[in-house]
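Just so we're clear, the structure is a prediction, and the values are computed from it rather than from any experiment. Numbers restart at 1 for each chain; the letters A, B, ... are given by sequence-line order, proteins then strands.
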Protein chains: 2
Amino acid sequence: MSIERRAWEVVLQNIELDLLSGRLRPGDHLPPERALAAELGVGRSSVREAIRVLEVLGLLRTSAGSGPTAGAIIVALPGGGMSALMRLQVAAQGFPVSDVVKTRLVLEASVVTELAEASAQASSTMDANASLHPDLTTPELLLCAMESPALTEGEFLALDAAFHLALATASGNQVVTATMAGLRSAIEGYVRAGATSLTSWPDTSARLRTEHRAILGAIEAGDPPAARSLVQSHIAGYYAETHLANHLPDLFANDHTDANGHPVAR
Amino acid sequence: MSIERRAWEVVLQNIELDLLSGRLRPGDHLPPERALAAELGVGRSSVREAIRVLEVLGLLRTSAGSGPTAGAIIVALPGGGMSALMRLQVAAQGFPVSDVVKTRLVLEASVVTELAEASAQASSTMDANASLHPDLTTPELLLCAMESPALTEGEFLALDAAFHLALATASGNQVVTATMAGLRSAIEGYVRAGATSLTSWPDTSARLRTEHRAILGAIEAGDPPAARSLVQSHIAGYYAETHLANHLPDLFANDHTDANGHPVAR
DNA sequence: TGTAGCGTGTGGTCAGACCACACCGCCCGA
DNA sequence: TCGGGCGGTGTGGTCTGACCACACGCTACA
């Protein structure tokens with residue numbers, strides 16, 4: 001079955017096998033395109049197509065020139081690829097925006113629940129090993145930064161995104177972190193557009209600030225149900241308040257298909 | 001900022017904008033590569049690199065020849081791209097296997113909870129509209145197929161994957177469905193390798209069958225907590241029983257970093 | 001009227017060329 | 001002897017042109 005593949009697929013598979021076998025590890029250089037092409041018996045353009053795919057997927061970084069920093073280097077940065085994938089799938093209507101928001105809700109709830117549980121466990125065992133305590137320094141700093149009244153809507157939303165992402169990072173699950181980053185970037189445009197349709201941005205931003213504090217408080221207090229509930233109403237509340245709600249009448253309903261049983265196009 | 005981009009990025013951005021603006025919709029044909037290259041003032045190879053990325057991301061399908069079925073067609077199949085991304089990120093050690101399993105646990109729990117809630121709601125309202133009831137026909141059929149004692153391990157695991165995916169599909173969330181498909185394919189190799197290290201495959205497969213029936217039963221009975229609990233122990237149990245457990249000592253712990261705070265290479 | 005065969009347009013691939021860039025080392029001047 | 005400037009060299013980035021395989025659709029022939 002491995003015959004009859006397109007040339008660039010051969011290259012991609014070859015690199016994947018090298019990764020799986022450990023012949024290639026993060027930080028390593030890929031062979032030069034010309035060498036790879038000769039080695040695999042394909043044209044250089046086919047090699048480039050495979051490399052381009054890996055680059056977009058966040059697996060490697062390319063740069064021209066010479067020396068140790070040049071060439072194609074394995075990096076395995078999951079966020080970039082996830083963002084591109086989610087963004088394009090939403091653009092091509094493969095992912096309904098409502099599903100993106102729902103999924104974000106699920107993951108975010110899981111993150112804060114886990115963080116609160118870890119926090120409670122660390123407190124109850126009274127252990128001196130501080131490493132059991134999740135590191136919430138970054139989220140706290142971001143909350144402080146969001147207090148500034150001089151922030152524009154865009155700056156505030158960027159900090160908001162960073163806050164939620166920092167919580168995911170603190171939970172330590174790289175898959176969840178990358179997925180949440182992708183989900184966020186996929187609906188970035190909708191979030192920003194929704195902000196402009198608010199009746200009062202100062203009111204909303206003040207509420208968001210309060211809710212952020214409450215979420216972080218529940219985590220630090222080791223109260224998983226509260227943290228979960230707070231984060232769910234926080235996210236759902238924002239989407240309900242913004243114009244985005246017009247596109248998401250069914251965020252908490254179950255009929256997300258039309259009369260024919262097909263997903264409703266939004 | 002749009003200047004100074006690489007040629008293939010210009011092409012990619014152009015197509016993304018066409019998707020966002022609705023100029024391109026699922027089912028549409030992309031212009032021929034040569035025409036697109038001329039229109040955007042880039043070489044054909046650059047166009048091909050962008051198209052290749054979109055193809056791997058599951059956004060379009062290409063085929064040679066002439067006629068309405070040929071060319072590059074927007075399809076927006078989310079599963080393929082997600083699988084490639086997850087698989088490669090795991091291969092390149094960007095995603096620890098333990099995080100993949102944990103994320104699968106979160107999503108799967110959310111799926112069955114939602115299904116059970118929908119089932120309960122549909123029953124309690126006694127509504128004649130059967131569409132409120134999630135369609136569990138496919139999972140049921142898969143369970144029947146798994147009863148066959150003649151199945152090999154590989155066939156059984158394939159049906160198992162299809163069963164879990166069918167549950168996600170029944171929940172109607174395309175993002176979750178695609179993500180779960182990606183997560184599963186990312187650890188496919190580990191799952192299969194783990195199966196060979198079992199003390200007794202007949203015993204394990206019998207247990208899996210029973211657990212599947214119990215999960216589906218809890219969903220149909222409209223018992224969300226039971227469904228959630230059953231699916232979590234189902235997944236965690238399998239990974240604990242297989243050799244995979246050696247690689248996942250911390251599936252439910254929080255220390256997935258080494259002494260230096262870096263992710264543990266697995 | 002039916003069908004076999006060719007024209008045409010498409011993606012798939014390759015080879016070769018050129019450019020920009022970044023390092024590396026030689027060479028020349030102080 | 002030491003220092004800096006400058007070209008060589010290897011890399012990715014891009015373009016061009018060519019050829020192939022394929023599938024459709026039309027035409028010409030039986």
### Summary
Here the pair of heavy atoms bringing A:Gln89 nearest to B:Leu77 is NE2-O, 3.6 Å

### Query
Taking all atoms of both residues into account, what is the closest heavy-atom pair of A:Phe95 and A:Val100, and its distance?
CB-CG2, 4.2 Å

### Query
When the distance from CD1 of A:Ile73 to P of D:dG12 is rounded to whole Å, what number comes out?
10 Å

### Task
State, without any angle test, whether B:Arg6 and A:Thr62 hold a side-chain donor-acceptor pair at a distance under 3.5 Å.
yes

### Task
Would you work out how much the helix from C:dT1-D:dA30 to C:dA30-D:dT1 bends between its ends, with each end axis defined by five base pairs, to 10 degrees?
20°

### Query
Distance only, no hydrogens: is a donor on one side chain within 3.5 Å (strictly under) of an acceptor on the other, for B:Asn173 and B:Ser171?
no

### Query
In B/S/- notation, 5' to 3', how is nucleotides 12-23 of chain C contacted by protein heavy atoms closer than 4.0 Å?
BBB--BB--BBS

## Note on the structure
Of all heavy-atom pairs linking B:His164 and B:Met180, the shortest is O-CE, 3.8 Å

### Task
Hey, could you give me the CZ/CE distance between A:Phe163 and A:Met146, rounded to the nearest 0.5 Å?
7.5 Å

### Summary
Here the distance between atom P of D:dC15 and atom CG of B:Leu40, to the nearest Å, is 10 Å

### Query
Starting at CG of B:Leu36 and ending at C1' of C:dG9, how long is that distance when rounded to a whole Å?
16 Å

#### Entry: Qualifying residue for side-chain contact (heavy atoms from CB on, under 4.5 Å) with A:Leu167, from A:Val111, A:Val176, A:Thr177
A:Val111

### Task
Evaluate the criterion side-chain contact (heavy atoms from CB on, under 4.5 Å) for residue pair B:Ile51 and B:Trp8; output intermediate values, then yes/no.
CA-CA 9 Å; B:Ile51 287 181; B:Trp8 64 270; over 6 Å; no

